[in-house]
Trainee: 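Please find one structure pasted underneath; my questions will follow.
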Amino acid sequence: MSSETSRYRSWVEVSRQTLTRNFRAVRDLCGSNIEVMPVVKADAYRHGAVEVSKVLEQAGAKWLAVSNAEEGLALREAGIQSRIVVMADFAAEWREDMLRGGLTPVLNSRTEIEDLAQLASSLGGVCGYHLKIDSGMGRLGTRATAAQIAETVLANQFGAKLEGLMTHFASSANYASPQTDEQTAYFLSLCEGLAALGIRPPYIHTSSTIPIAYGRRSAWGNLVRPGEAIYGYVSPPRGSAPGAELTVKPALTWKARVLLVKDIPEGAQVGYGGIFRSPKPMRIAVIGAGYADGVPHRLSNKGKVIFDGKLLPMLGAVSMDVTTIDATPCPKMRAGDAVTLLGREGDASMDAQEIAKLAGTISYSVLCGISARVKRVYV
């Protein structure tokens, strides 16, 4: 345990080198004609948005994507110079701050185009924006026709410049569903309709990690938006999918300190509700991470941690601040040692997808659920 982490109950170690390699793997796959815009929303999936953005900027990322204005402005305050696209926030209270901070909004309606043009003009400038098309997800985005969009875009060029057209796939990992093909066809048809009316924005983008990783090139456009791939994950597809073309590795390891090791007799109950009862004399350990730190409560009596290259079961209910594990196979374990909740030790590994499967959730939820009180260490 390093001197930096020796005082921490629970911490994550984020590899700058792995983040860089993952970004470059995406860039190499897509080729030099396609820009790569890593998604660093939700505190970079809890990897730490400021530090991750610095790493990606140094690696050559010219674009970054966030969810809301506050996230984008925090990156600007930290000195990030890359283009920052705000994908899901054009709230009136933040609009002026967004423009003054040099953020690029994603707009979802013709009315928002008009509002942006008026605001930018009042500030004495022209603001670029990306327009989101609802191609079938039924969430954010406009369902206006090409003619309606073109009319609004052309009428508001005095203050608002259409820089990109985008959409968002609802089922890109499900190759048993035609939805992604249907969304792609709708979106590309709309782009063609706009082009016929003289609207040809510089950037067209639809694809996050799955369409990139599985080579759905017809949907790449000239800008892609990898999220989980940057952090080392590609979700498994459903149905008859092609082989993955992208190889990435998890950038984050999550550890917690052993607070106490003790012996319990046969029949002893462990934790809230006594949902675990020892079938024999056992050695248990209490580690300094619980559901307030992001350990899913659904891992109660199901989860595992790693110590000395061995997978050790969680015993009983996950508590708010601590979790109990079976230390019987590890006679050398002592208070102050570290266990790995997410990561690899030797041949034993437990990544976010494996944890999600045990907890009945998704890997995004596991990563984004790691609490802010868990210290971030960059290596």
Trainee: Would you check, one step at a time, whether the test side-chain contact (heavy atoms from CB on, under 4.5 Å) holds for R95 with L116?
Mentor: CA-CA 8 Å; R95 291 175 182 175; L116 175 63; over 6 Å; no
Trainee: With W63, which residues qualify under ring-ring contact (aromatic ring centres under 6.0 Å, His included), at least two apart?
Mentor: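 Result, ring-ring contact (aromatic ring centres under 6.0 Å, His included) vs W63: H130, Y203.
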Trainee: Output yes when a side-chain donor or acceptor of S278 lies under 3.5 Å from a complementary backbone atom of A268, and no otherwise.
Mentor: yes
Trainee: Under the side chain to side chain contact (heavy atoms under 4.5 Å, CB included) test, which residues partner L73, sequence neighbours left out?
Mentor: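 Partners of L73 by the side chain to side chain contact (heavy atoms under 4.5 Å, CB included) criterion, ordered by chain and then number, come out as W94, D97, L103.
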Trainee: Can V85 and L64 be said to form a side-chain contact (heavy atoms from CB on, under 4.5 Å), step by step?
Mentor: CA-CA 6 Å; V85 174; L64 297 169; over 6 Å; no
Trainee: Judged by atom type as modelled, is there a donor-acceptor pair below 3.5 Å linking the side chain of R139 to the main-chain atoms of H168?
Mentor: no
Trainee: For the backbone of V14 and the side chain of R16, can you confirm whether one donor and one acceptor N or O come within less than 3.5 Å of each other?
Mentor: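 Checked: no pair found.
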Trainee: Can you tell me how far CD1 of I287 sits from CD1 of I284, rounded to the nearest 0.5 angstrom?
Mentor: 12.0 Å
Trainee: Should the pair E354-K304 be classified as a salt bridge under the 4.0 Å nitrogen-to-oxygen rule?
Mentor: no
Trainee: Should I212 and L223 be counted in the same cluster of Ile, Leu, Val, Met, Phe, Trp and Tyr side chains packed under 4.5 Å apart?
Mentor: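 Same hydrophobic cluster.
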Trainee: List, one per line, each side-chain donor-acceptor pair under 3.5 Å for residues 28-38, sequence neighbours excluded.
Mentor:
none

Trainee: Could you check whether E228 and T209, counting side-chain N and O atoms only, form a donor-acceptor pair closer than 3.5 Å?
Mentor: no
Trainee: How far apart are the closest heavy atoms of S135 and T167, and which atoms are they?
Mentor: OG-OG1, 2.7 Å
Trainee: Can you name the side chain to side chain contact (heavy atoms under 4.5 Å, CB included) partners of T18, sequence neighbours left out?
Mentor: S15, N22, K249, A251
Trainee: Tell me whether S189 contacts the main-chain N or O of A185 through its side chain, where contact means a donor paired with an acceptor under 3.5 Å.
Mentor: no
Trainee: L367 and L358: same hydrophobic cluster, using ILVMFWY side-chain contacts below 4.5 Å?
Mentor: yes
Trainee: Checking R9 side chain against D321 main chain: does a donor-acceptor pair fall under 3.5 Å?
Mentor: yes
Trainee: Given side-chain contact (heavy atoms from CB on, under 4.5 Å), test M166 with R225 step by step and report yes or no.
Mentor: CA-CA 10 Å; M166 65 177 288; R225 312 185 301 259; 3.7 Å; yes
Trainee: Would you confirm whether T142, through its side chain, and K132, through its main-chain N or O, come within 3.5 Å as a donor-acceptor pair?
Mentor: no
Trainee: Closest approach of A150 and I199, non-hydrogen atoms and distance?
Mentor: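 Scanning both residues completely, I find the closest heavy atoms to be CB-CG1, 3.9 Å.
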Trainee: Kindly list each side-chain donor-acceptor pair under 3.5 angstrom involving residues 288-298, sequence neighbours excluded, with atom names and distances?
Mentor:
residue : atom : partner : partner atom : Å
D293    : OD1  : R373    : NE           : 2.8
D293    : OD2  : G290    : N            : 2.9
D293    : OD2  : R373    : NH2          : 3.1

Trainee: How close do S235 and Y364 get, counting heavy atoms only, and between which atoms?
Mentor: OG-CE1, 4.2 Å
Trainee: Is it true that the side chains of S207 and R216 contain a donor and an acceptor less than 3.5 Å apart?
Mentor: no
Trainee: Does CZ belonging to F158 count more than 12 external heavy atoms closer than 6.0 Å?
Mentor: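 Yes, the 6.0 Å shell around CZ holds more than 12 heavy atoms from other groups.
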Trainee: Between E57 and I80 (side chain of the first, backbone of the second, donor and acceptor by atom type, cut-off under 3.5 Å), is there such a pair?
Mentor: no
Trainee: If every non-hydrogen atom of L342 is compared with every non-hydrogen atom of L252, which pair is closest and at what distance?
Mentor: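 Looking at all heavy atoms of both residues, the shortest contact is CD2-O, 3.4 Å.
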Trainee: Compare every heavy atom of V26 with every heavy atom of A229, then report the nearest pair and how far apart it is.
Mentor: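 It is CB-CG2, 4.2 Å.
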Trainee: More than 12 foreign heavy atoms under 6.0 Å from CZ of R76: is that the case here?
Mentor: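 More than 12 heavy atoms, drawn from other residues, nucleotides or ligands, come within 6.0 Å of this atom.
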Trainee: For G72 versus I84, what's the shortest heavy-atom pair and its separation?
Mentor: O-CD1, 3.8 Å
Trainee: Going by an N to O cut-off under 4.0 Å, is there a salt bridge joining K332 and D308?
Mentor: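 Salt bridge: no.
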Trainee: Hey, could you give me the OG/CD distance between S171 and Q183, rounded to the nearest 0.5 Å?
Mentor: 7.0 Å
Trainee: Please say yes or no: joined through hydrophobic side-chain contacts below 4.5 Å, possibly via intermediate residues, are M320 and V286 part of one cluster?
Mentor: no
Trainee: Is there a path from L140 to V86 through hydrophobic residues (I, L, V, M, F, W, Y) whose side chains come within less than 4.5 Å of each other?
Mentor: no
Trainee: The criterion is salt bridge (Lys or Arg N to Asp or Glu O under 4.0 Å); which residues satisfy it with D134, sequence neighbours excluded?
Mentor: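 D134 satisfies salt bridge (Lys or Arg N to Asp or Glu O under 4.0 Å) with no other residue.
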Trainee: More than 12 heavy atoms of other residues, nucleotides or ligands under 6.0 Å from CD of E70: is that the case?
Mentor: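 No - once you tally the heavy atoms of other residues, nucleotides and ligands closer than 6.0 Å, there are 12 at most.
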Trainee: For the pair T145 (side chain) and Q148 (backbone), establish whether a donor and an acceptor sit closer than 3.5 Å, ignoring hydrogens and angles.
Mentor: yes
Trainee: Can you get from L197 to V153 by hopping between Ile, Leu, Val, Met, Phe, Trp and Tyr side chains that sit under 4.5 Å apart?
Mentor: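 Each belongs to a different hydrophobic cluster.
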Trainee: Apply side-chain contact (heavy atoms from CB on, under 4.5 Å) to the pair V339 and L312, showing each step before the final yes or no.
Mentor: CA-CA 9 Å; V339 302; L312 305 179; 5.6 Å; no
Trainee: Can you tell me if K310 has over 12 outside heavy atoms packed within less than 6.0 Å of its NZ?
Mentor: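 Counting other residues, nucleotides and ligands, NZ of K310 exceeds 12 neighbours.
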Trainee: Does the Lys NZ or Arg CZ of R46 fall within the cation-pi geometry relative to Y231 - under 6.0 Å from the ring centre and within 45° of the axis?
Mentor: no
Trainee: Under a 3.5 Å distance rule, please check whether Q157 uses its side chain to pair with a backbone N or O of V126 as donor and acceptor.
Mentor: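 No; zero donor-acceptor contacts below 3.5 Å.
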Trainee: Does E245 have more than 12 heavy atoms from other residues, nucleotides or ligands lying within 6.0 Å of its CD?
Mentor: yes
Trainee: Keeping the roles fixed (side chain from D89, backbone from A69), state whether a donor-acceptor pair exists under 3.5 Å.
Mentor: yes
Trainee: Between CG of L341 and CD1 of I355, what distance do you get to the nearest 0.5 Å?
Mentor: 7.0 Å
